[in-house]
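Single-structure report; data block below.
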Amino acid sequence: MAIANKNIIFVAGLGGIGLDTSREIVKSGPKNLVILDRIDNPAAIAELKAINPKVTVTFYPYDVTVSVAESTKLLKVIFDKLKTVDLLINGAGILDDYQIERTIAVNFAGTVNTTTAIMAFWDKRKGGPGGVIANICSVTGFNAIYQVPVYSASKAAALSFTNSLAKLAPITGVTAYSINPGITKTTLVHKFNSWLDVEPRVAELLLEHPTQTTLQCAQNFVKAIEANKNGAIWKLDLGRLDAIEWTKHWDSGI
Ligand SMILES: NC(=O)c1ccc[n+]([C@@H]2O[C@H](COP(=O)([O-])OP(=O)(O)OC[C@H]3O[C@@H](n4cnc5c(N)ncnc54)[C@H](O)[C@@H]3O)[C@@H](O)[C@H]2O)c1
Ligand SMILES: CCCCCCO
């Protein structure tokens, strides 16, 4: 998908990975970049507008843990204004294995509910135009950081959901792919709690290994958007962008 002249909704577009990705997206000249986020950062919005004045950058406060009905109400405001939306990026995530329910609510249910809400506007069975969803999951969805099993499982769940969305594209007209960053230096990863304190030094130990910058991640994120490959499982690790072949161990047959 060429980003130029498209309308993009970016949930969590102001975070560490999010803001650098928003910067790279704006450089590619979409018509609208609508950022939904729990954090409000007017200076960041102003900076994005200044990067490319031709792009209309708007912000709406949004917490992905609200109901589908609440999400739908916000999306209606956006669709009434934009008329069409080409890409939804779901990027919200927390990393704190003390917060079990909230981790599942933000990282998994938040992605599911926001996706479910936009289907009302896109589903071709209701005369919708279809659309594209990019879900930010994680390499921990492939193989866990087992000291944060709740976080890792929430990302595996989001990855599984995204893979199913892609398989359902012929029915719904909505395609989907996952964005799976490796360890990327943001505030999320500086320090975080392991589950039941099984490893108090988990962040310190992980950060002893090579990481990537948010800019490297963002530049590869844009390449994945441009590739626009339904069902792709993109690994964005150590400054690389690689499509992962998922190993099939069982097939439902349907
Ligand atoms: N940094 C990494 O190493 C890494 C690796 C793989 C995946 N990820 C994922 O990338 C995404 C961004 O992470 P980051 O490292 O930039 O961290 P970050 O903490 O800088 O960004 C997290 C983003 O999620 C938003 N968010 C959190 N809770 C929310 C809620 N309830 N409603 C709406 N928005 C909410 C935050 O406001 C922020 O914009 C997350 O989903 C994270 O799990 C990060
Ligand atoms: C340093 C640990 C970062 C974990 C986030 C991977 O999704």
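In listed order, ligands and their atoms are each counted from 1. The structure displayed is predicted, hence computed values, not measured ones. In what follows, residues are counted from 1 in the order of the sequence shown.
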Donor-acceptor contacts, no H, no angles, side chain residues 223-233, under 3.5 Å, sequence neighbours left out:
{"residue": "N230", "atom": "OD1", "partner": "A176", "partner atom": "N", "Å": "2.8"}
{"residue": "N230", "atom": "ND2", "partner": "A166", "partner atom": "O", "Å": "3.1"}

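Dense packing is recorded around NZ of K124, with more than 12 heavy atoms of other residues, nucleotides or ligands lying under 6.0 Å away. With a 6.0 Å radius and a threshold of 12 heavy atoms from other residues, nucleotides or ligands, W122 has its CH2 atom above the threshold. More than 12 heavy-atom neighbours from other residues, nucleotides or ligands sit within 6.0 angstrom of CG on D80.
Here K235 does not pair with D242 in a salt bridge; the nearest charged N to carboxylate O distance is not below 4.0 Å.
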N or O contacts of ligand 1 with protein under 3.5 Å, please list pair by pair.
{"residue": "ligand 1", "atom": "1 (N)", "partner": "T184", "partner atom": "O", "Å": "3.0"}
{"residue": "ligand 1", "atom": "1 (N)", "partner": "T186", "partner atom": "OG1", "Å": "3.4"}
{"residue": "ligand 1", "atom": "3 (O)", "partner": "G182", "partner atom": "O", "Å": "3.3"}
{"residue": "ligand 1", "atom": "3 (O)", "partner": "T184", "partner atom": "N", "Å": "2.7"}
{"residue": "ligand 1", "atom": "3 (O)", "partner": "T184", "partner atom": "O", "Å": "3.3"}
{"residue": "ligand 1", "atom": "15 (O)", "partner": "T186", "partner atom": "OG1", "Å": "2.7"}
{"residue": "ligand 1", "atom": "16 (O)", "partner": "G16", "partner atom": "N", "Å": "3.3"}
{"residue": "ligand 1", "atom": "16 (O)", "partner": "I17", "partner atom": "N", "Å": "2.8"}
{"residue": "ligand 1", "atom": "20 (O)", "partner": "G16", "partner atom": "N", "Å": "2.8"}
{"residue": "ligand 1", "atom": "24 (O)", "partner": "G93", "partner atom": "N", "Å": "3.3"}
{"residue": "ligand 1", "atom": "31 (N)", "partner": "D63", "partner atom": "OD1", "Å": "3.0"}
{"residue": "ligand 1", "atom": "31 (N)", "partner": "R102", "partner atom": "NH2", "Å": "3.3"}
{"residue": "ligand 1", "atom": "32 (N)", "partner": "V64", "partner atom": "N", "Å": "3.0"}
{"residue": "ligand 1", "atom": "37 (O)", "partner": "D37", "partner atom": "OD1", "Å": "2.5"}
{"residue": "ligand 1", "atom": "39 (O)", "partner": "G15", "partner atom": "N", "Å": "3.2"}
{"residue": "ligand 1", "atom": "39 (O)", "partner": "D37", "partner atom": "OD1", "Å": "3.3"}
{"residue": "ligand 1", "atom": "39 (O)", "partner": "D37", "partner atom": "OD2", "Å": "2.8"}
{"residue": "ligand 1", "atom": "41 (O)", "partner": "G91", "partner atom": "O", "Å": "3.0"}
{"residue": "ligand 1", "atom": "41 (O)", "partner": "A92", "partner atom": "O", "Å": "3.4"}
{"residue": "ligand 1", "atom": "41 (O)", "partner": "K155", "partner atom": "NZ", "Å": "2.9"}
{"residue": "ligand 1", "atom": "43 (O)", "partner": "Y151", "partner atom": "OH", "Å": "2.7"}
{"residue": "ligand 1", "atom": "43 (O)", "partner": "K155", "partner atom": "NZ", "Å": "3.0"}

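Defined by atom type and a distance below 3.5 Å, a donor-acceptor pair is missing between the side-chain atoms of N135 and Y177. Y62 and S71 are linked by a side-chain donor-acceptor pair at a separation below 3.5 angstrom, with hydrogens and angles left out of the test. Side chains of N193 and D96: a donor on one and an acceptor on the other come within 3.5 Å.
Residues forming a ring-ring contact (aromatic ring centres under 6.0 Å, His included) with F121 (at least two apart in sequence, or on another chain): F79.
Protein residues having at least one heavy atom under 4.0 Å from any atom of ligand 2 are L95, S138, T140, I145, Y151, I183, V189, F192, L206, listed by chain and number.
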